Number of protein chains: 2
Amino acid sequence: MVSNQTKISPEFIQNAARVLKTLGHPDRIKIVEYLDDGEKTVGQIHRELEMLQPIVSQHLKVMFDRGIVINRQEGTRFFYALANEFIFKILDCMADAQEKIRNGAWTFESQEN
Amino acid sequence: MVSNQTKISPEFIQNAARVLKTLGHPDRIKIVEYLDDGEKTVGQIHRELEMLQPIVSQHLKVMFDRGIVINRQEGTRFFYALANEFIFKILDCMADAQEKIRNGAWTFESQEN
DNA sequence: GTTTTATATAGTAAAAACACTATATTCTCT
DNA sequence: AGAGAATATAGTGTTTTTACTATATAAAAC
């Protein structure tokens with residue numbers, strides 16, 4: 001399979017870079033993955049993923065600001081959800097890559113440390 | 001279309017985070033995209049993408065260390081190429097997302113600045 | 001052997017990201 | 001009104017990233 005040849009536009013590159021960089025944090029990947037099956041409250045994330053509550057809020061704020069998650073308030077709770085399919089696609093992409101690597105179909109070597 | 005439900009393993013998350021974060025830089029996305037149709041020398045990248053040579057080398061070093069690109073030497077030249085299909089897939093993913101967003105099929109709003 | 005060309009590396013100042021503690025805000029319930 | 005729960009925000013020290021200039025290295029050409 002050959003790679004898509006669509007040219008990526010300069011404006012989009014800025015956005016994409018921002019999103020990729022933001023997703024490039026283990027905790028945030030975990031959060032995004034956890035949100036994959038539907039909206040969750042801050043508390044759920046905090047308890048389920050065993051992260052400090054302010055850390056969770058901070059990650060969610062960053063991801064909200066960058067268009068990765070959306071939220072809605074219900075009383076004192078905030079429900080967060082993935083904002084768009086781009087995020088789903090990247091998750092798919094990662095899960096897929098993981099499979100291929102596990103299979104030995106791909107290799108994925110890091111050279112340092 | 002529903003998202004892939006494969007669970008992402010903790011070890012893989014570390015790698016994925018590293019790669020995504022590394023790709024989350026406009027210059028590096030441009031370089032990776034430029035490498036999409038085959039290996040290129042540092043000088044080609046430098047001239048074609050109009051980036052300072054040490055910047056290019058620096059980006060390439062980071063990407064090499066993180067398993068995103070590979071290289072081979074030929075005389076005084078170094079040819080760099082994408083290291084594996086994970087990178088291709090992410091590129092595809094981005095190009096795809098760009099299309100959908102351009103179409104208006106998705107929205108992608110950034111909330112800040 | 002000296003000069004050019006191509007690339008890498010060092011050094012560094014500025015900016016951004018991170019992790020964590022403490023505190024504020026806002027609802028809800030009584 | 002007061003207490004408790006859920007979440008956000010402030011403040012801060014530390015680490016990482018980034019951008020850039022200057023310099024080193026190594027092969028090629030003359």
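Chain letters run A, B, ... following the sequence lines, proteins first and then strands; every chain starts at 1. Keep in mind that what you see is a predicted model, and the values were worked out from it rather than measured.
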Could you tell me whether the side chain of A:Leu60 reaches within less than 4.5 Å of the side chain of A:Ile45, counting heavy atoms only?
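Contact flag for A:Ile45/A:Leu60 side chains = yes.
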[N] [atom2] sits how many Å from [X] [atom1], rounded?
X       : N      : atom1 : atom2 : value
B:Arg18 : D:dT15 : CZ    : C1'   : 15 Å
B:Ile31 : C:dT7  : CD1   : P     : 13 Å
B:Met63 : D:dT17 : CE    : P     : 14 Å
B:Glu39 : C:dT7  : CD    : C1'   : 16 Å
A:Ile55 : D:dA8  : CD1   : C1'   : 13 Å
A:Gln14 : D:dT18 : CD    : P     : 13 Å
A:Lys40 : D:dT7  : NZ    : P     : 14 Å
B:Leu52 : D:dT18 : CG    : P     : 16 Å

Would you indicate, yes or no, if [N] has its OP1 or OP2 atom less than 4.0 angstrom from a side-chain nitrogen or oxygen of [X]?
X       : N      : answer
B:Arg66 : D:dT17 : yes
B:Tyr80 : C:dA8  : yes
A:Ser57 : D:dA8  : yes
B:Arg77 : D:dA26 : no
B:Lys21 : C:dC18 : yes
B:His59 : C:dT7  : no

Take A:Gly24 and A:Glu74, find for each the nucleotide of DNA chain C with the closest heavy atom, and name the residue whose nucleotide sits nearer the 5' end.
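Mapping each residue to its closest nucleotide by heavy atoms, the 5'-most match is A:Gly24.
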Between A:Thr76 and A:His25, who's closer to the 5' end of DNA chain C by nearest nucleotide?
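The residue closer to the strand's 5' end, by nearest nucleotide, is A:His25.
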Counting only heavy atoms from other residues, nucleotides and ligands, does the tally under 6.0 Å from CD of A:Gln73 exceed 12?
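Enclosed.
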For a quick check, tell me whether the side chain of B:Gln58 and the base of D:dC20 share a donor-acceptor pair closer than 3.5 Å.
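Counting by modelled atom types and ignoring angles, a donor-acceptor contact under 3.5 Å is found here.
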Any N/O donor-acceptor pair, A:Gln53 side-chain to D:dA6 base, under 3.5 Å
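Per atom types, no contact qualifies.
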Heavy-atom closest contact (B:Val42 atom, B:Tyr80 atom, distance):
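Closest approach of B:Val42 to B:Tyr80, heavy atoms only: CG2-CE1, 3.6 Å.
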Exercise: identify the closest heavy-atom pair between B:His46 and B:Met51
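In this case the closest contact between B:His46 and B:Met51 is ND1-O, 2.5 Å.
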Using a heavy-atom cut-off of under 4.0 Å over every strand shown, decide if A:Arg47 touches base, sugar-phosphate, or nothing.
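No contact.
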Looking only at side-chain atoms of B:Arg28, point me to the closest of C:dA22, D:dA27, D:dT18.
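Minimum distance to the B:Arg28 side chain belongs to D:dT18.
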Salt-bridge contact A:Lys40-A:Glu48 (side-chain N to carboxylate O under 4.0 Å)
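Answer for the salt bridge query: no.
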